[in-house]
Amino acid sequence: MHTYRTHNCNQLTIANVGETVRLSGWVFRVRDHGKLMFIDLRDHYGVTQVVVDKDSEAFQLVQSLNLESVIRVDGKVLARSGDQVNPNLPTGQIEVRAVAVELLSPAAELPLPIAATAEYPEEIRLRNRFLDLRREKLHANIVLRSNVIASLRRRMIAQGFTEFQTPILTASSPEGARDFLVPSRIHPGKFYALPQAPQMFKQLLMVAGFDRYFQIAPCFRDEDARADRSPGEFYQLDFEMSFVTQEDVFAAIEPVLHGVFEEFAEGKSVTPPPFPRITYKESMLKYGSDKPDLRNPIEIVDVTHIFRGGGFGVFASAIEEGAVVRAIPAPGAGVRARSFFDQTNAWAKAEGFAGLGYINFKGGEGGGGVAKNLGPERVAQLVSEMGLGPDDGVFFACAKESIAAKLAGMARTRVGQELDLIAQNEFKFCWIVDFPMFEWDELEQKVIFSHNPFSMPQGEMEALETMNPLDILAYQYDIVCNGIELSSGAIRNHKPEIMYKAFEIAGYDRSVVDEKFSGMINAFQYGAPPHGGSAPGVDRIVMLLADEPNIREVILFPMNQKAEDLMMGAPSTVTPKQLKELGIRFATDTKPAPPTNG
RNA sequence: GGGGUCGUAGCUCAAUUGGUUAGAGCACCGGACUGUCGAUCCGGAGGUUGCGGGUUCGAGCCCCGUCGACCUCGCCA
């Protein structure tokens, strides 16, 4: 007989009745009846009920066991009869009557219950992650993550992509997020950087002629955490393709994402390819965001023209000064108590906006101060242009365009949630396309790249030379699912002259490009194929599929909000010897903490 | 760096207007029980109410400070 087990804890069925078996696992739950005990024995695969009665030599040992001790059980498989069957357990038709039990590893009193489903403080969970990971939901999430990654690989390979590993120790890049730096021992005073993404490497792979690359790529950014953003590190399904247009990229990745979501969505519907294409401009108008949740049926409408010169003085005068008015319909909300509208207005003010105007329609009659001052003709025009129903509500955001769009977008989400309009059993994908190449930085009063400086501007060199930079669009696209940005990507700029020109517009000298992007700009001189790609976030895909709002629920050993690993004690101080080898000494104003056991 | 929420037993939570010895469930220890499956029943141990200061006859509760966790803004080309 095997040293530890003949079967796992999810394996035995009615077919095994009468067999002598050996199981090993954790003591999940114990039910002690004095002369008879039940143990739910758990391993990775499942749970099997073990019965020990007083005549067994094992009885005394079993009575002294703490929960989560690891034991080995030898016993005989018996059928359960009648109401002894547990229909909630795959092994619920049988039980193992213990003959001998060996304690393989005792457990101390637990800082974190394994069997309970309650929520526990992050700090305790992270400090005892190995225990937290035994709990059913988290255990399942991590297995799901593995399965999703395996499926992504399989589907990418089936699409003709090849996986390559790119360097982890690389050069710092001047733009974008903060780099994690790694000091060089051989070159004192110089640093490697961990890649924020394998951006340049994958483009060089295209120049090298590999045609279709992908990688489940670790990426590192030294930025602050959010609920959906790990501090430090995360994974992307990074891919790049040669000789492609934007539509070719979409056609390659849509079946992969659709397929993976269908495979793991457990019955939720998934947008079939081709996913809707929405321009950035349209998205900002209709959804007030560049990552719209299309499960929410509300669409924002510009109604500036209805309020211009109208009787509602606050809006009319704001419009004269360049403001716009965006209307957010609230289907069926007209019959709601006035407090619904007032509370929504109060929420907008609490978010730092001027507030939200509203009209509540009851039986086709518009109520509230806005309707009264605007007058029946213009209200009728509003109803007809927006297609409002007789008992709808409508909110108004009036401000400078960028602020009005943002407020309208947030109000759209809030109203959708309040009115319970957001479908819960759907994954709704879309592409946001035609992002602007440049934008105006109010703070620095200059033109900056709005997304990726390596994107190809639409119209190429001619556009850069003749158009207002702020009007130039890029072959730059995001993929969005249920309001979550899964990735951004682009058709890249593979022509050095256009790249110099684009950087020039953003205020960078030719020499800066030569210095900071030498690897890429140099490579592009020797025959670079037109290419493009994208990089959907793996963590966020798993979050969506696991229906978890917090990214730490889909990561094995996540860091806390302050980018610390409480279990391993990272980051930690290092020994003076290590520092000396690296040629590093601390400035006097940042005294190092005493060495920890790092 | 700014804003918000929170901090009571190993864990989840309670404690009236500021008022007796800070309670309950799970876990742990002891006892009863041969069919439970979140077993049940009886008992026990377990607390510097995050920490420091203040107000008060009296503070878990009020005030000030501080530390920590999470959420969020900035940031994430």
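Just so it is clear: chains get the letters A, B, ... in the order the sequence lines come, proteins before strands, and each one is counted from 1.
Taking atom CD on A:Gln236 and atom P on B:rC76, their separation rounds to 16 Å, with Å as the unit. A:Gln561 places its CD atom 13 Å from the P atom of B:rG68, with the value rounded to the nearest Å. The CE atom of A:Met37 sits 14 Å away from the P atom of B:rC33 (whole-angstrom rounding). Across the protein-nucleic acid pair, A:Arg127 atom CZ and B:rG68 atom P stand 12 Å apart, rounded to whole Å. Note: CD (A:Glu68) to P (B:rC28) measures 10 Å, nearest angstrom. Following rounding to the nearest Å, A:Ile94 (CD1) and B:rC37 (C1') show an atom-to-atom distance of 13 Å. In this structure, A:Arg97 places its CZ atom 13 Å from P of B:rU34, rounding to the nearest Å. For the pair A:Gln63 CD and B:rC33 C1', the computed distance is 11 Å after rounding to whole Å.
Between B:rU40 and B:rG46, the distance separating the two P atoms is 25 Å to the nearest Å. To the nearest whole angstrom, the two P atoms, one in B:rG52 and one in B:rC70, are 24 Å apart. Separation of the P atoms belonging to B:rC71 and B:rG53 is 32 Å when rounded to the nearest angstrom. Comparing B:rU49 with B:rG68, their C1' atoms are spaced 16 Å from each other, to the whole Å. Remark: the separation of the P atoms in B:rU56 and B:rC61 is 16 Å, to the nearest Å. Between the P atoms of B:rG35 and B:rU16, the separation comes to 43 Å (whole Å). Here, B:rG74 and B:rA59 have their C1' atoms 39 Å apart, quoted to the whole Å. As rounded to the nearest Å, B:rA39 and B:rC33 have C1' atoms that lie 11 Å from one another.
Looking only at atom types and distance, the side chain of A:Gln49 has a donor-acceptor partner in the side chain of A:Arg31 under 3.5 Å away. A donor and an acceptor atom, one from each side chain of A:Glu122 and A:Asn560, are nowhere located under 3.5 Å apart. The closest side-chain donor-acceptor pair between A:Tyr213 and A:Asp238 falls under 3.5 angstrom. No side-chain donor from either of A:Gln476 and A:Asn452 sits under 3.5 Å from a side-chain acceptor of the other.
A:Asn88 comes within contact range of no nucleotide atom at all, as no heavy-atom separation falls under 4.0 Å. Residue A:Glu122 is classed as a sugar-phosphate contact, given heavy-atom separations below 4.0 Å to backbone atoms only. As judged by a 4.0 angstrom heavy-atom cut-off over every strand, A:Asn86 is placed among the base-contacting residues. At the heavy-atom level, A:Ile448 lies nowhere under 4.0 Å from the strands shown. Contacts of A:Arg178 with the nucleic acid, taken as non-hydrogen atoms under 4.0 Å apart, involve only primed sugar atoms and P, OP1 or OP2. Note on A:Ala227: only backbone sugar-phosphate atoms sit closer than 4.0 angstrom, heavy atoms only; bases stay farther off. A:Val50 comes within 4.0 angstrom of no nucleic acid atom, judged by non-hydrogen atoms across all strands. Using a 4.0 Å heavy-atom criterion, one finds that A:Glu95 contacts the bases of the nucleic acid, with or without backbone contacts as well. Contacts of A:Arg552 with the nucleic acid, taken as non-hydrogen atoms under 4.0 Å apart, involve only primed sugar atoms and P, OP1 or OP2.
Looking at residues two or more places apart in sequence or on another chain, you find no ring-ring contact (aromatic ring centres under 6.0 Å, His included) involving A:Tyr287.
With a cut-off of 3.5 Å on both pairing distances, the Watson-Crick or G-U wobble partner of B:rU5 is B:rA69. Nucleotide B:rC26 is matched to B:rG10 when pairs are restricted to Watson-Crick or G-U wobble geometry with both distances under 3.5 angstrom.
Nearest nucleotide to the side chain of A:Arg80, out of B:rG68, B:rC75, B:rU36: B:rU36. The side chain of A:Asn66 lies closest to B:rC28 when the candidates are B:rC28, B:rA69, B:rC75. Nearest to the side-chain atoms of A:Lys562 among the listed nucleotides B:rC37, B:rA69, B:rC75 stands B:rA69. Across B:rC76, B:rU34, B:rG35, the shortest atom-to-atom separation from the side chain of A:Ala177 is found for B:rC76. Listed nucleotides B:rC73, B:rA69, B:rG35 differ in distance to A:Leu36; the shortest reach to its side chain belongs to B:rG35. When the nucleotides B:rC70, B:rG68, B:rC76 are ranked by their closest atom to the side chain of A:Glu223, B:rC76 comes out on top.
Of all heavy-atom pairs between A:Met437 and A:Ala474, the closest is SD-CB, 3.6 Å. When all heavy atoms are compared, the tightest approach of A:Arg326 to A:Ala408 is CB-CB, 3.9 Å.
No N or O donor and acceptor, one from the side chain of A:Arg221 and one from the base of B:rC76, sit under 3.5 Å apart. For A:Gln84 against B:rU36, a side-chain-to-base donor-acceptor contact under 3.5 Å is absent.
Using a 30° and 60° split on the angle between ring planes, A:Phe503 and A:Tyr508 fall in the perpendicular class, above 60°.
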Go along nucleotides 39-45 of chain B 5' to 3' and tag each nucleotide: B for a protein heavy atom under 4.0 Å from its base, S when only backbone or sugar atoms are that close, - otherwise. BB-----
Nucleotide by nucleotide, 5' to 3', does protein get under 4.0 Å of the base (B), only the sugar-phosphate (S), or neither (-) in nucleotides 1-12 of chain B, counting heavy atoms? B--------SSS
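Where A:Arg540 and A:Asp228 each meet RNA chain B at their nearest nucleotide, the meeting point lying more 5' is that of A:Asp228. Along RNA chain B, the nucleotide nearest A:Asn550 and the nucleotide nearest A:Leu89 are compared for position; the residue whose nucleotide lies closer to the 5' end is A:Leu89.
Within the structure, every side-chain polar atom (N or O) of A:Arg226 is placed at least 4.0 Å from both OP1 and OP2 of B:rC70.
Here A:Arg125 pairs with A:Glu553 in a salt bridge; the nearest charged N to carboxylate O distance falls below 4.0 Å.
Only one option out of A:Asp43, A:Leu23, A:Thr48 pairs with A:His7 in a side-chain contact (heavy atoms from CB on, under 4.5 Å); it is A:Leu23.
Between A:Phe454 and A:Phe517, the ring center distance clears the sub-6.0 Å criterion. Checked against a 6.0 Å centroid threshold, the rings of A:Phe435 and A:Tyr475 do not count as neighbours.
Between A:Tyr45 and A:Thr91, the closest side-chain pair of non-hydrogen atoms is not below 4.5 Å.
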